[in-house]
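Heads up: the structure comes next, in structure tokens.
So you know, we letter chains A, B, ... as the sequences are listed, proteins then strands, and number each from 1.
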Amino acid sequence: MPELPEVETIANGLHKRVAGDRIDSVWVGNKKEPLKSKPAEIVRTLEGAAIERVHRVGKHIVFHLHPSNDRGAASGRPESHKNSQFIVHLGMTGRMLVATAETETAKHTHLIAKLASGRELRFVDPRRFGRLEVRQTGFSGPGSEPTTITQEEFARLFHKSSAFIKAALLNQKFLHGVGNIYADESLIRAGIRPRRRANTLTTAELKKLHAALQQVLKEAIAAGGSSVSDYVDADGEKGYFQIKHRAYGREGKPCLKCKTPIKKIVVGGRGTHYCPNCQR
DNA sequence: ATACCGACCTGTCAGC
DNA sequence: TGCTGACAGGTCGGTA
């Protein structure tokens with residue numbers, strides 16, 4: 001499900017709900033896939049920690065933790081606890097829910113953190129492509145932040161890559177947070193074909209792509225932001241509405257600009273939608 | 001360095 | 001209704 005705008009919406013929603021709360025106890029499931037850190041380390045790091053802040057880095061949700069006075073001090077390792085972070089990647093189907101204790105546990109629940117407020121933070125992920133990790137050091141993500149990168153940095157990033165521009169946009173080591181939908185949507189807005197080699201884009205085209213990407217992400221975040229609360233409810237994503245896609249999922253439908261049917265091809269193993277007329 | 005492909009998993013949906 | 005196969009918004013590792 002989630003790309004940058006969705007993760008941003010979810011992270012903001014989580015921040016509103018659980019910042020200031022404290023994790024009293026943690027249950028971790030026995031499936032190993034979603035766990036990037038050892039279960040015992042996740043439990044040790046989370047239990048007793050206060051949630052200071054929740055925000056998005058790339059496609060990751062980052063919980064900044066803070067040892068609580070009693071347990072952190074009593075455990076004798078307040079320093080190691082100081083900058084710990086709980087990092088969640090939702091993969092394709094992951095969800096972080098804030099539920100009441102009475103809410104029935106959904107199938108494929110892999111982690112439950114009981115909060116001091118009586119509520120629970122639950123990680124549910126049927127496909128188990130998501131990842132849960134704890135760190136004692138800061139996490140800055142694998143690449144640059146697409147929402148804030150300058151046009152110059154953006155151009156520098158792609159200038160030397162001979163990869164298809166679509167693949168380059170998806171490469172999290174360049175920009176983190178851009179997924180399949182917004183890669184397609186930024187390319188159609190910029191009028192650039194997905195199979196163009198990144199290093200063949202002119203300065204003007206890179207400029208257009210940079211603007212298109214930031215614009216489409218901004219619009220999508222704004223759309224998601226209006227339904228923040230629903231996203232992390234136990235009921236899931238009801239109420240979330242997406243921006244109008246111009247390319248993604250519109251194979252065979254007329255281009256909104258020139259009526260040419262949108263084409264679908266595969267680039268880098270991902271379904272890729274574009275307008276053969278508008279994109280060059 | 002890059003492209004392609006399978007693998008990792010489960011759910012859903014179209015088609016028969 | 002039930003089965004099968006294709007496909008899904010993500011990432012990794014192997015191979016050419």
Would you say [X] reaches [N]'s phosphate, i.e. side-chain N/O to OP1/OP2 under 4.0 Å?
| X | N | value |
| --- | --- | --- |
| A:Y182 | C:dG9 | no |
| A:Q172 | C:dG10 | no |
| A:H89 | C:dT11 | yes |

Rounded to whole Å, how long is the line connecting atom [atom1] of [X] with atom [atom2] of [N]?
| X | N | atom1 | atom2 | value |
| --- | --- | --- | --- | --- |
| A:R270 | C:dC12 | CZ | C1' | 13 Å |
| A:I243 | C:dG9 | CD1 | P | 16 Å |
| A:I221 | C:dG9 | CD1 | C1' | 16 Å |
| A:I87 | C:dT11 | CD1 | P | 14 Å |
| A:N180 | C:dC7 | CG | C1' | 12 Å |
| A:I10 | C:dG10 | CD1 | C1' | 14 Å |
| A:L170 | C:dA8 | CG | P | 13 Å |
| A:F174 | C:dT11 | CZ | C1' | 16 Å |

Counting the atoms with a prime plus P, OP1 and OP2 as sugar-phosphate, which does [X] contact under 4.0 Å by heavy atoms, base, sugar-phosphate, or nothing?
| X | result |
| --- | --- |
| A:K36 | nothing |
| A:G269 | nothing |
| A:K107 | sugar-phosphate |

Please report the shortest heavy-atom distance between A:Q279 and A:I188, naming the atom on each side.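 Here A:Q279 and A:I188 meet closest at OE1-CG1, 3.2 Å.
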Which heavy atom of A:L256 sits nearest a heavy atom of A:R246, and at what distance?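 Nearest pair, atom of A:L256 first, then A:R246: CD1-CG, 4.0 Å.
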Which of parallel (below 30°), tilted (30 to 60°) and perpendicular (above 60°) describes A:F154 and A:F158?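 Taking A:F158 first and then A:F154, their aromatic rings stand perpendicular (interplane angle over 60°).
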Upstream residue (5' side of DNA chain C) when A:Y248 and A:K173 are each assigned their closest nucleotide: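 The residue closer to the strand's 5' end, by nearest nucleotide, is A:Y248.
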Does A:S25 form a side-chain hydrogen bond (donor to acceptor under 3.5 Å, both in side chains) with A:K114? I'd like the steps, not just the answer. CA-CA 5 Å; A:S25 62; A:K114 287 189 186 292; 5.8 Å; no
Expressed in whole Å, how much space separates the P atoms belonging to C:dG2 and B:dC9?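 Going atom to atom, P in each nucleotide, I get 28 Å.
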Same cluster for A:I87 and A:L14 if Ile/Leu/Val/Met/Phe/Trp/Tyr side chains link at under 4.5 Å?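 Unlinked, A:I87 and A:L14 end up in two clusters.
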Give, for atom NE2 of A:H273 and atom CD1 of A:I181, the distance between the pair rounded to the nearest 0.5 Å.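 Output value for this atom pair is 9.5 Å.
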Rounded to the nearest 0.5 Å, how far does CD1 of A:I149 lie from CG of A:L157?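 So the gap between those two atoms works out to 5.0 Å.
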Has A:R122 got more than 12 heavy atoms of other residues, nucleotides or ligands less than 6.0 Å from its CZ?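 Check passes, neighbour count above 12.
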Candidate list A:K263, A:K166, A:K264, test side chain to side chain donor-acceptor pair (under 3.5 Å), partner A:T272, passing option: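 Per the side chain to side chain donor-acceptor pair (under 3.5 Å) rule, the option paired with A:T272 is A:K166, out of A:K263, A:K166, A:K264.
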Could you identify the nucleotide paired to C:dG10, looking across every strand shown and requiring Watson-Crick or G-U wobble geometry with both distances under 3.5 Å?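 Its partner is B:dC8 (Watson-Crick or G-U wobble, both distances under 3.5 Å).
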Can you give me the first and the last nucleotide of DNA chain B (5' to 3') that has an atom within less than 4.0 angstrom of a non-hydrogen atom in chain A?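 Footprint of chain A along DNA chain B, 5' to 3': B:dT2 to B:dG11.
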Is there a residue in residues 123-134 of chain A whose heavy atoms reach under 4.0 Å of DNA chain C, and which residues are they?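 Contacting residues: A:R127, A:F129.
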Evaluate ring-ring contact (aromatic ring centres under 6.0 Å, His included) for A:H176 paired with A:H60, printing each intermediate quantity in order. CA-CA 9 Å; A:H176 56 210; A:H60 302 261; 7.6 Å; no
